[in-house]
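Have a look at the structure below, then the notes.
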Amino acid sequence: MINNFTFIDLFSGIGGFHSGLSKIGGKCVFASDILPIARETYYQNYKIQPFGDITKIKNSSIPNHDILCAGFPCQSFSNIGPRGGLNDPRGEMVYEIFRILKGKKPKAFILENVKGLISHQGGKTFKYIINQLGLLGYDVWSEILEAKDYGVPQIRKRLFIIGVRKNLKVNFTFP
């Protein structure tokens, strides 16, 4: 069991990251989601009231934390739909992650999105995101994982991007 680490939960939804990380000893110090029903459900589940629109929240209002978690909006990268990418307001939310990583420098991050992000614009969008995360000072690993392989009764492949600050010299391996 890992103990005594803090995390923030961006684009928190009803709290999937919160559920997992709190079970291994993490403490959520900040959550944010734009949808009122998601914020209400999160509060009912965890007794933490998420903040709203992350674009309106200054870095100074976000507590220091060890891990940044973000299941950032996926609609603009999904294989279904117009695939607006980083030109879609939902796709632009990745810049909010960059902003917070740059300002707060947590030890690590966990990002989750659709596997279509890898192939968006022939892979250019994914390469750009990975490059930016590296420029922010993180070693980065990515993998497509399927929920059913981890005991979740759902067939759903998702892209996970893990980053650890370079100065920590960690060599991460996906389970």
Side-chain angles (χ1 to χ4, degrees), residues 1-54 65-85 88-94 96-97 100-101 106-120 123 125-126 129-130 133 138-164 170-175:
M1 168 96 45
I2 302 169
N3 289 307
N4 301 322
F5 68 92
T6 58
F7 65 94
I8 65 170
D9 198 355
L10 305 179
F11 317 102
S12 62
I14 63 171
F17 276 121
H18 188 120
S19 177
L21 292 177
S22 65
K23 286 178 182 173
I24 61 168
K27 179 179 185 310
C28 183
V29 295
F30 178 89
S32 175
D33 198 282
I34 199 165
L35 298 175
I37 190 67
R39 291 194 306 268
E40 177 58 28
T41 304
Y42 197 98
Y43 178 78
Q44 292 299 319
N45 286 337
Y46 306 110
K47 303 304 180 225
I48 293 173
Q49 183 62 60
F51 290 82
D53 185 349
I54 195 66
H65 51 280
D66 297 310
I67 301 173
L68 177 148
C69 300
F72 60 105
C74 62
Q75 300 92 330
S76 58
F77 309 112
S78 177
N79 290 329
I80 299 172
R83 301 192 82 191
D88 180 312
R90 297 165 296 189
E92 290 175 352
M93 291 300 106
V94 76
E96 296 301 314
I97 295 168
I100 296 166
L101 287 172
K107 293 176 184 172
F109 63 78
I110 307 169
L111 308 180
E112 176 268 337
N113 211 282
V114 293
K115 68 179 187 168
L117 177 56
I118 291 176
S119 61
H120 185 265
T125 302
F126 181 68
I129 290 170
I130 297 301
L133 294 167
Y138 291 88
D139 288 320
V140 182
W141 300 266
S142 64
E143 189 81 29
I144 294 173
L145 303 176
E146 187 156 11
K148 71 176 181 62
D149 295 335
Y150 298 89
V152 177
Q154 183 180 49
I155 298 173
R156 186 175 194 196
K157 293 181 180 180
R158 302 297 282 185
L159 170 64
F160 284 85
I161 304 170
I162 307 298
V164 178
V170 170
N171 189 16
F172 178 81
T173 304
F174 281 91

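These numbers come from a predicted model, not from an experiment.
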Exercise. Does a sphere of radius 6.0 Å around CZ in F160 hold more than 12 heavy atoms from other residues, nucleotides or ligands, not counting ones at 6.0 Å or beyond?
Worked result: yes

Exercise. Under a 4.5 Å cut-off applied to non-hydrogen side-chain atoms, are I100 and F30 in contact?
Worked result: no

For this session: Mind listing the closest non-hydrogen atom pair of F126 and S142 along with its distance?
Result: CZ-OG, 3.4 Å

For this session: Report yes if the distance between the aromatic ring centroids of F17 and F7 is under 6.0 Å, otherwise no.
Result: no

Problem set entry | Ion pair R39/D33, N-O distance below 4.0 Å | no

For this session: Please indicate whether I67 has more than 12 foreign heavy atoms, meaning atoms of other residues, nucleotides or ligands, lying under 6.0 Å from its CD1.
Result: yes

For this session: Side-chain contact test, heavy atoms from C-beta onward, threshold under 4.5 Å: evaluate it for N113 versus V94 and give yes or no.
Result: no

For this session: Might you point out which heavy atoms bring D53 and S32 nearest each other, and give the distance in Å?
Result: C-OG, 4.5 Å

Problem set entry | Centroid-centroid under 6.0 Å between H18 and Y42 rings | yes

For this session: Return each pair, listed once, that meets salt bridge (charged side-chain N to carboxylate O under 4.0 Å, His left out) where at least one residue sits in residues 143-164; pairs must be two or more places apart or across chains.
Result: E112-R158

Exercise. How many angstroms lie between atom OG1 of T6 and atom CG of L21, to the nearest 0.5 angstrom?
Worked result: 10.5 Å

For this session: For S19 and Y46, work out which heavy atoms get closest and say how close.
Result: CB-OH, 3.4 Å

For this session: Please report the closest heavy-atom contact between I54 and E96, naming both atoms and the distance.
Result: O-OE1, 3.7 Å

